[in-house]
Number of protein chains: 2
Amino acid sequence: MARTSPDPFDHGISPFICFSVYSANLAFSRVYKPLLDELGLTYPQYLVLVALWAEDGQTVGGLGEKLFLESNTLTPLLKRLEAQGHVERTRNPGDERQVRVRLTASGRRLRESAQCVPGNILEASGMSRDSLKKLAAEVARLRGNLLAAKAPAGRR
Amino acid sequence: MARTSPDPFDHGISPFICFSVYSANLAFSRVYKPLLDELGLTYPQYLVLVALWAEDGQTVGGLGEKLFLESNTLTPLLKRLEAQGHVERTRNPGDERQVRVRLTASGRRLRESAQCVPGNILEASGMSRDSLKKLAAEVARLRGNLLAAKAPAGRR
DNA sequence: CGTTAATATATCGCGTACGATTAAATCGTA
DNA sequence: TACGATTTAATCGTACGCGATATATTAACG
């Protein structure tokens with residue numbers, strides 16, 4: 001009998017991993033808050049800037065693929081970043097459907113001001129760089145599995 | 001190319017554990033969505049009910065302690081659960097500051113309808129029960145460290 | 001060419017999260 | 001007992017996430 005465990009609510013463990021992830025994410029955003037407040041950024045805005053610092057001039061869709069977000073989330077966020085003067089959004093002349101997001105001088109300057117952020121997070125995590133790296137990889141693998149289960153493989 | 005690449009970003013963002021957690025949480029809520037839609041619940045509402053199924057009649061503050069949330073988030077959420085007829089909120093006669101949240105018959109019935117949920121999540125995770133359990137514990141430890149770093153020791 | 005399908009972004013409404021504030025009940029202590 | 005301090009929820013404003021929909025541009029195909 002490879003029946004599931006005798007206790008029907010031992011299933012509680014699978015809500016447990018999702019709850020750990022859920023609440024750890026809340027905890028992260030709370031640790032980030034005071035750091036990012038000084039830069040006038042929210043946590044998702046910071047993630048977008050990290051992506052742009054790595055590769056400037058990405059499209060909305062390109063950013064969404066990296067961040068697992070869509071235009072309904074990104075467009076208002078990017079408009080706020082634009083209103084703050086950190087990015088500019090321009091239609092791609094070669095394909096007017098696309099919007100390219102480019103860092104302004106202000107957006108590039110923020111990179112320096114934000115240099116201390118990862119170090120602070122590392123310290124707050126109370127774990128070694130290596131443990132975090134391993135943990136991040138495992139969680140990313142879990143994320144991949146979940147997304148694959150969500151959008152079945154046959155799609156093209 | 002239209003296909004989402006298997007590992008879209010080994011570039012800028014991947015070293016950040018916070019991003020793995022952030023995006024894994026989004027992935028979880030997307031996997032939960034269709035399951036919980038059938039119950040008419042959101043993911044945070046489901047978490048509240050899980051807490052109440054484990055222990056009925058908790059106060060708003062007690063729920064918040066378990067879920068790492070505060071009344072500014074919980075009160076509207078609980079009102080929606082009440083509007084759906086799954087819980088009732090009553091002031092504690094012994095201390096009128098507190099609000100006790102109790103499951104209704106409808107809220108208890110939901111527990112049976114939701115029994116299939118954890119199994120579905122487990123399957124979607126693509127990982128073994130044991131791996132998930134270990135991972136959940138590590139992520140919970142990380143969460144604890146972050147919260148401890150946020151609220152420094154001197155608070156007493 | 002013209003019509004239709006596909007693609008890329010934007011808009012809208014709802015439900016969280018959360019800082020800041022408010023209001024009410026209780027406690028501590030003189 | 002009186003009264004300021006503390007505790008507990010609730011309220012408000014802002015910013016995500018996201019399903020559903022709208023709009024505009026490009027591609028496909030007859």
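Every value quoted in this text rests on a predicted model; they were computed, and no experiment measured them. Naming: A, B, ... by sequence-line order, numbering from 1 per chain.
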Heavy atoms under 4.0 Å, any strand shown: does B:Arg80 hit a base, just sugar-phosphate, or nothing?
base
Is it the case that over 12 heavy atoms from other parts of the model lie below 6.0 angstrom from the CD atom of B:Glu96?
yes
Does any N or O donor sit under 3.5 Å from an N or O acceptor when you compare the side chain of A:Ser71 with the base of C:dA10?
yes
In the structure I gave you, are the side-chain heavy atoms of A:Phe19 and B:Phe68 within less than 4.5 Å of one another anywhere?
yes
Neighbour count >12 (heavy atoms, 6.0 Å) for atom CD, A:Gln84:
yes
Test item: side-chain donor near acceptor, A:Thr90 and A:Arg100, under 3.5 Å:
no
Whole angstroms only, please: what is the OH-P distance between B:Tyr43 and D:dG19?
15 Å
Specify the closest pair of heavy atoms between A:Ile17 and A:Leu142, including all atoms of both residues, with the distance to one decimal.
CG1-CD2, 3.9 Å
Can you see if the side chain of A:Lys79 gets near the phosphate of C:dT11 - specifically, an N or O under 4.0 Å from OP1 or OP2?
yes
To the nearest angstrom, how far is A:Tyr32 atom OH from D:dC16 atom P?
15 Å
Enter the inter-axis angle for the ends of the helix from C:dC1-D:dG30 to C:dA30-D:dT1 (five pairs per end, rounded to 10°).
10°
May I ask you to evaluate whether A:Thr59 reaches the phosphate of C:dA8, defined as a side-chain N or O under 4.0 Å from OP1 or OP2?
no
Rounded distance in Å - CG (B:Leu36) to C1' (D:dC18)
15 Å
For C:dT16, take OP1 and OP2 only and decide whether either is under 4.0 Å from a side-chain N or O of B:Gln45.
yes
Return the nearest nucleotide to the side chain of A:Lys33; candidates are C:dA8, C:dG19, D:dG17.
C:dG19
Between P of C:dA17 and CG of A:Asp37, the distance in whole Å
19 Å
Scanning both residues in full, the closest heavy-atom pair of A:Val139 with B:Ala24 reads CG1-CB, 3.6 Å
Nearest-neighbour nucleotide for the B:Arg91 side chain, D:dT8, D:dC18, D:dA10 considered:
D:dA10
Look at all strands and tell whether B:Arg100 reaches a base, only sugar-phosphate, or nothing, counting heavy atoms closer than 4.0 Å.
nothing
Determine the contact category for B:Thr42: base if any of its heavy atoms lies under 4.0 Å from a base atom, sugar-phosphate if only primed atoms, P, OP1 or OP2 are that close, otherwise nothing.
sugar-phosphate
Could you pick out which residue, A:Leu78 or A:Tyr22, lies toward the 5' side of DNA chain C when each is mapped onto its nearest nucleotide?
A:Leu78
Classify the nucleic acid contact of A:Leu74 as base, sugar-phosphate or nothing, counting any heavy atom under 4.0 Å across all strands shown.
nothing
Tell me: CD of A:Gln84 to C1' of D:dA15, nearest whole Å?
12 Å
Length of the line joining A:Leu26:CG and D:dG17:P, which is rounded to integer Å
11 Å
With ring-ring contact (aromatic ring centres under 6.0 Å, His included) as the criterion, how do B:Tyr43 and A:Tyr22 come out once you've worked through the C-alpha distance, each side chain's angles and the decisive distance to 0.1 Å?
CA-CA 10 Å; B:Tyr43 176 44; A:Tyr22 167 81; 5.6 Å; yes
Whole angstrom is fine here: how far is it from CD in B:Glu70 over to C1' in D:dA9?
11 Å
For residues 53-63 of chain B, which residue pairs pass the salt bridge (Lys or Arg N to Asp or Glu O under 4.0 Å) check, not counting sequence neighbours?
B:Glu55-B:Lys66
A:Val60 has its side chain closest, among D:dG17, C:dC18, C:dT9, to C:dT9
Going by an N to O cut-off under 4.0 Å, is there a salt bridge joining A:Arg89 and A:Glu82?
yes
In whole angstrom, what separates A:Gln98's CD from C:dA10's C1'?
15 Å
Pair B:Tyr32, B:Tyr46 - check ring-ring contact (aromatic ring centres under 6.0 Å, His included), show working.
CA-CA 10 Å; B:Tyr32 269 106; B:Tyr46 170 72; 5.7 Å; yes
Letter per nucleotide, 5' to 3', of nucleotides 21-27 of chain C [B base touched, S only sugar-phosphate touched, - untouched; heavy atoms, 4.0 Å]:
----BS-
Against the side chain of A:Leu77, the closest entry in D:dA9, C:dT16, D:dC16 is D:dC16
Note: B:Asp37-B:Lys33 ion pair, threshold 4.0 Å (strictly below):
yes
Can you tell which of C:dA10, D:dC16, D:dA9 lies closest to the side chain of A:Thr75?
C:dA10
